[in-house]
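Ligands are counted one by one from 1 in listed order, and the atoms in each one are counted from 1 as well. One-based numbering along the sequence shown.
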Amino acid sequence: MTEIIIDSYLCSGCATCAEMCPQVFRMDPVSEKAELIRVNPPVTDDVYQAAAFCPEKCIEIKE
Ligand code: SF4
């Protein structure tokens, strides 16, 4: 199964992923880091695009 992993340590909190793909990513209001809205969301093209645009390259998609 395809898995999305966010490296919270590297995440700068820029919110690009949450803006590009709000059905999968959101910003944690406390840590101000990106998180998944739910466990094992469907990995659509939007997810790959958000990962590609992440300036810290901290969104990993494991096939
Ligand atoms: S795009 Fe990357 S650095 Fe920006 S909030 Fe999302 S995971 Fe963090």
Residues 16-27 vs side-chain hydrogen bond (donor to acceptor under 3.5 Å, both in side chains), sequence neighbours excluded, gives Gln23-Asp46, Arg26-Glu35
Let me know which of Val43, Ile59, Ile4, Ile37 forms a side chain to side chain contact (heavy atoms under 4.5 Å, CB included) with Val24.
-> Ile4
Could you see which bit of Lys33 sits under 4.0 Å from ligand 1, with heavy atoms only: side chain, backbone, both or neither?
-> neither
At a 4.0 Å threshold, what atoms of ligand 1 neighbour a non-hydrogen atom of Ala15?
-> 4 (Fe), 5 (S)
Hey, which protein N/O/S atoms does atom 2 (Fe) of ligand 1 have under 2.8 Å?
-> Cys54 SG
State whether the number of non-hydrogen atoms from other residues, nucleotides or ligands found under 6.0 Å of Glu60 atom CD is greater than 12.
-> yes
Heavy atoms of Glu32 and Pro29 approach each other most closely as CG-O, 3.9 Å
Using a 4.5 Å cut-off on heavy atoms from C-beta on, say whether the side chain of Cys58 contacts that of Cys11.
-> yes
Compute the minimum heavy-atom distance from Met27 to ligand 1 and say whether it is under 4.0 Å.
-> yes
Remaining members of hydrophobic cluster (4.5 Å side-chain criterion), Val39 | none
Considering residues at least two apart in sequence or located in another chain, which fulfil the salt bridge (charged side-chain N to carboxylate O under 4.0 Å, His left out) criterion with Glu56?
-> none
